[in-house]
Amino acid sequence: MSMTNFIQFDKDDIDNAKGTGLISTIDRDLDIKVTPFDSTNEKAPTHRVYAKSPRGHDIEVGGIWKKTSGEGKPYYTLSIKRLGFNANLGRYPGQDDLALQAIIEWEPRD
């Protein structure tokens with residue numbers, strides 16, 4: 001079995017890292033690429049998420065945002081709005097590599 005729902009960043013410092021990954025759902029497999037995004041807007045994403053169009057063009061499909069938990073710890077969320085896909089990033093089970101992040105899907109609140 002191959003690994004799904006992950007991003008492999010090119011360094012442990014996720015804020016400034018590029019990455020590639022795979023999002024798999026019941027009806028699609030989406031190869032993704034993420035690149036850091038710098039903005040003075042505090043609500044802007046830290047990364048832009050890209051996928052390939054049917055003809056092979058990179059298209060922006062979503063973003064990654066850095067947030068702070070109730071305990072004051074940073075964490076990241078990923079959203080692909082057109083698909084209604086929302087997820088948190090976290091340590092991939094059984095891995096010690098901080099640059100390898102699992103994509104942990106969650107349902108939006110009503």
Side-chain angles (χ1 to χ4, degrees):
M1 183 167 93
S2 61
M3 190 169 28
T4 61
N5 297 334
F6 73 93
I7 300 171
Q8 178 67 64
F9 288 96
D10 62 359
K11 53 187 164 185
D12 292 350
D13 176 17
I14 292 174
D15 286 348
N16 301 301
K18 295 178 183 178
T20 58
L22 173 65
I23 295 174
S24 293
T25 67
I26 194 110
D27 61 347
R28 72 188 70 216
D29 287 314
L30 190 64
D31 290 310
I32 60 170
K33 165 172 88 168
V34 299
T35 59
F37 178 67
D38 191 28
S39 174
T40 57
N41 181 345
E42 63 186 37
K43 294 184 179 183
T46 60
H47 295 77
R48 292 184 174 194
V49 178
Y50 296 89
K52 294 283 186 193
S53 74
R55 292 182 57 196
H57 301 283
D58 283 341
I59 55 171
E60 185 174 350
V61 296
I64 296 174
W65 285 261
K66 187 174 185 177
K67 300 190 175 185
T68 304
S69 72
E71 295 86 35
K73 296 182 180 181
Y75 70 98
Y76 296 89
T77 63
L78 178 145
S79 178
I80 300 176
K81 191 170 188 167
R82 184 154 177 102
L83 299 178
F85 185 90
N86 298 294
N88 288 338
L89 301 184
R91 174 107 18 116
Y92 206 88
Q95 296 290 326
D96 292 331
D97 182 358
L98 296 176
L100 177 61
Q101 293 287 302
I103 298 172
I104 307 158
E105 185 178 11
W106 51 271
E107 294 295 323
R109 294 186 183 132
D110 291 332

Using a 4.5 Å cut-off on heavy atoms from C-beta on, say whether the side chain of [Y] contacts that of [X].
{"X": "K67", "Y": "P74", "result": "no"}
{"X": "S79", "Y": "N86", "result": "yes"}
{"X": "F37", "Y": "V49", "result": "no"}
{"X": "L89", "Y": "I64", "result": "yes"}
{"X": "T20", "Y": "F9", "result": "no"}
{"X": "L83", "Y": "L30", "result": "yes"}
{"X": "L100", "Y": "F6", "result": "yes"}

### Message
For the CG atom on D96, are there more than 12 heavy atoms of other groups (residues, nucleotides or ligands in this structure) within a distance under 6.0 Å?
### Response
no
### Query
Are more than 12 heavy atoms from other residues, nucleotides or ligands located less than 6.0 Å from atom CG of D38?
no
Would you give the length of the straight line joining atom [atom1] of [X] to atom [atom2] of [Y], rounded to the nearest 0.5 angstrom?
{"X": "I32", "Y": "I80", "atom1": "CD1", "atom2": "CD1", "result": "6.0 Å"}
{"X": "I7", "Y": "H47", "atom1": "CD1", "atom2": "NE2", "result": "8.0 Å"}
{"X": "T68", "Y": "K66", "atom1": "OG1", "atom2": "NZ", "result": "7.5 Å"}
{"X": "I103", "Y": "I23", "atom1": "CD1", "atom2": "CD1", "result": "4.0 Å"}

### Query
Step by step, would you call K52 with D31 a salt bridge (charged side-chain N to carboxylate O under 4.0 Å, His left out)?
CA-CA 7 Å; K52 294 283 186 193; D31 290 310; over 6 Å; no
### Message
If I compare all heavy atoms of A99 with all of D12, which pair ends up nearest, and what's the gap?
### Response
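Scanning both residues, the minimum pair turns out to be N-OD1, 3.4 Å.
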Does [Y] offer a backbone N or O that forms a donor-acceptor pair with the side chain of [X] under 3.5 Å?
{"X": "N88", "Y": "I104", "value": "no"}
{"X": "Q101", "Y": "G90", "value": "yes"}
{"X": "W65", "Y": "L78", "value": "no"}
{"X": "N5", "Y": "S24", "value": "yes"}

### Message
Pairing donors with acceptors under 3.5 angstrom, does anything connect the side chains of S39 and N41?
### Response
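Not at all, the side chains of S39 and N41 share no donor-acceptor pair under 3.5 Å.
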### E60: which of R48, R82, K81 passes salt bridge (Lys or Arg N to Asp or Glu O under 4.0 Å)
R48
#### Entry: Test of ring centre spacing under 6.0 Å for Y50 and H57
no
### Task
Indicate if L98 and I14 have the same hydrophobic cluster label, given that clusters are the connected sets of ILVMFWY residues with side-chain heavy-atom separations under 4.5 angstrom.
no
